[in-house]
2 protein chains.
Amino acid sequence: MTNTDPTTESSTGRAPAAMARPTKQRLAVANVLSTFNDFRSAQEIHSLLDASGEKVGLATVYRTLQMLADSGEVDVLRTEDGEAAYRHCSDSHHHHLVCRSCGATVEVEGPTVERWTKAIAAEHGYADISHTLEIFGTCASCS
Amino acid sequence: MTNTDPTTESSTGRAPAAMARPTKQRLAVANVLSTFNDFRSAQEIHSLLDASGEKVGLATVYRTLQMLADSGEVDVLRTEDGEAAYRHCSDSHHHHLVCRSCGATVEVEGPTVERWTKAIAAEHGYADISHTLEIFGTCASCS
DNA sequence: CAGCAAGATGAGAACCGTTGTCAAATCCGT
DNA sequence: ACGGATTTGACAACGGTTCTCATCTTGCTG
């Protein structure tokens, strides 16, 4: 809304492959996304933007994230309480092992599942594969 | 993060066949759950109840499903649009291979992932393992 | 460089699934 | 059958997400 600082226009850079219109807000979202490798909720991303001085409307954040997700530039998943979480993809891919009672989370990864999902998908004629996997259990200190 | 309160579960432990209070409504919900093997949304379950003549309040359906989920009698997952989906567990375990553009879904299964998740979980000291896995891609007719 | 039309933004309302509230109904042990 | 505790159900409240629309930018054209 109030464009208070017409001189800001340099530090953040790096527009992903092809963004429809690389506006300041979209760049800001893309930029924040590149600062972490795990999944963050849309609202959290909005807060991060706010905290970093970039004033981007919540609706715009949602729109941008959706756009990025549609174009395959970010991965999306739903947390257990129904929030959408986003992560810039093409980065270290891992899954979460979550304790059902205390919530302790371990990041795990392994080529096994990656290979299996690709194989299964190919077997059924599916291309351009991605997947989400979450493991739940009771951790050592909770059992 | 929502850390669900595991109410008082000291005496009963886990009760597969024993429900806290087998009221008509709870039985109705349990009964509907047993009529399918895939995940259905809470609202869909409510509709099914309604359609089958059982008049159960929406709130009660939610409460019952949550209760069943807490006691481990049903599995829960979040669909891509944020709805909670429930399925009576201890049944044929499979995953979904979904086409990103037309939505065509194939049910897949395989011991590989099951083994892998168990191994990974055990490796980290987690017990009582469950997991959710969804594979996304573009199906043959859409690519 | 000014002007313009298409596209993007932001504030708030609208939506939708889910959860909380609380009086009335139901259940169970006595 | 009675009484206390639990459960139910209608509806309000909530939180996340999407929609609306007036205003502002962007990119292009002349």
Side-chain angles (χ1 to χ4, degrees), chain A residues 1-10 12 15-16 18-32 39-50 53-71 74 76-86, chain B residues 1-5 7-9 11-12 15 18-32 39-50 53-71 74 76-86:
Chain A
M1 48 182 288
T2 350
N3 194 349
T4 48
D5 194 349
T7 61
T8 33
E9 175 51 63
S10 42
T12 66
M19 195 161 4
R21 258 278 186 108
T23 67
K24 191 166 59 171
Q25 290 86 339
R26 289 178 188 175
L27 287 174
V29 170
N31 197 52
V32 167
F39 285 91
R40 300 295 176 87
S41 78
Q43 312 242 12
E44 191 172 356
I45 290 171
H46 177 242
S47 297
L48 287 172
L49 280 168
D50 223 40
E54 299 282 355
K55 295 302 187 330
V56 183
L58 183 55
T60 302
V61 173
Y62 274 104
R63 271 188 300 242
T64 305
L65 288 172
Q66 253 171 21
M67 183 162 67
L68 291 174
D70 283 345
S71 69
V74 300
V76 199
L77 67 75
R78 287 279 176 172
T79 69
E80 281 202 75
D81 29 290
E83 295 174 318
Y86 302 85
Chain B
M1 192 163 286
T2 318
N3 204 343
T4 44
D5 173 333
T7 32
T8 46
E9 196 162 344
S11 54
T12 39
M19 208 168 341
R21 262 276 185 98
T23 68
K24 191 168 55 173
Q25 290 86 341
R26 288 178 189 172
L27 287 173
V29 170
N31 197 52
V32 168
F39 285 90
R40 301 295 176 86
S41 76
Q43 314 241 12
E44 191 172 355
I45 289 171
H46 178 243
S47 297
L48 287 172
L49 281 167
D50 223 40
E54 301 281 357
K55 296 302 190 324
V56 183
L58 183 56
T60 301
V61 172
Y62 273 105
R63 272 188 299 242
T64 304
L65 287 172
Q66 252 171 21
M67 185 163 64
L68 291 173
D70 282 346
S71 70
V74 300
V76 200
L77 67 74
R78 288 279 176 170
T79 69
E80 281 203 75
D81 31 291
E83 293 174 321
Y86 301 84

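Any value given below was found using the heavy atoms of this structure, including those in side chains, with hydrogens, waters and symmetry copies removed. Chain identifiers are assigned alphabetically (A, B, ...) following the order of the sequence lines, protein sequences preceding nucleic acid strands; residue numbering begins at 1 within each chain.
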Student: Could you check whether any side-chain heavy atom of A:Thr60 comes within less than 4.5 Å of a side-chain heavy atom of A:Arg63, counting everything from C-beta outward?
Tutor: yes
Student: Rounded to whole angstrom units, what separation is found between the CG atom of B:Asp81 and the P atom of C:dT18?
Tutor: 10 Å
Student: Among D:dT7, C:dT9, D:dG9, which nucleotide has an atom closest to any side-chain atom of B:Gln25?
Tutor: D:dG9
Student: What is the minimum heavy-atom distance between B:Lys55 and B:Asp50, and which atoms define it?
Tutor: CD-OD1, 3.6 Å
Student: Would you sort out whether B:Leu48 and B:Arg40 count as a side-chain contact (heavy atoms from CB on, under 4.5 Å), showing the intermediate values?
Tutor: CA-CA 10 Å; B:Leu48 287 172; B:Arg40 301 295 176 86; 4.0 Å; yes
Student: Is there a side-chain contact between A:Gln43 and the phosphate of D:dG15, meaning an N or O under 4.0 Å from OP1 or OP2?
Tutor: no
Student: In this structure, how many angstroms lie between the P atom of D:dC11 and the NE2 atom of B:His46, rounded?
Tutor: 13 Å
Student: For the pair A:His46 (side chain) and A:Gly57 (backbone), establish whether a donor and an acceptor sit closer than 3.5 Å, ignoring hydrogens and angles.
Tutor: no
Student: Given atom CD of B:Glu54 and atom P of D:dT7, what is their separation to the nearest angstrom?
Tutor: 19 Å
Student: Mind listing the N/O atom pairs, protein and nucleotides 19-28 of chain C, below 3.5 Å?
Tutor:
residue	atom	partner	partner atom	Å
C:dT19	OP1	B:Gln66	NE2	2.7
C:dT19	OP2	B:Gln66	NE2	2.7

Student: Determine whether A:Glu83 and A:Glu44 make a side-chain contact, defined as any pair of heavy atoms from C-beta on separated by less than 4.5 Å.
Tutor: no
Student: Expressed as a whole number of angstroms, how long is the span from A:Glu83:CD to C:dT18:P?
Tutor: 14 Å
Student: Rounded to whole angstrom units, what separation is found between the CZ atom of B:Arg26 and the C1' atom of D:dT6?
Tutor: 8 Å
Student: With sequence neighbours left out, write down each residue that passes side-chain hydrogen bond (donor to acceptor under 3.5 Å, both in side chains) with B:Gln43, or none if nothing qualifies.
Tutor: B:Tyr62
Student: Quickly work out the B:Leu65 CG to D:dG9 P distance and round it to whole Å.
Tutor: 13 Å
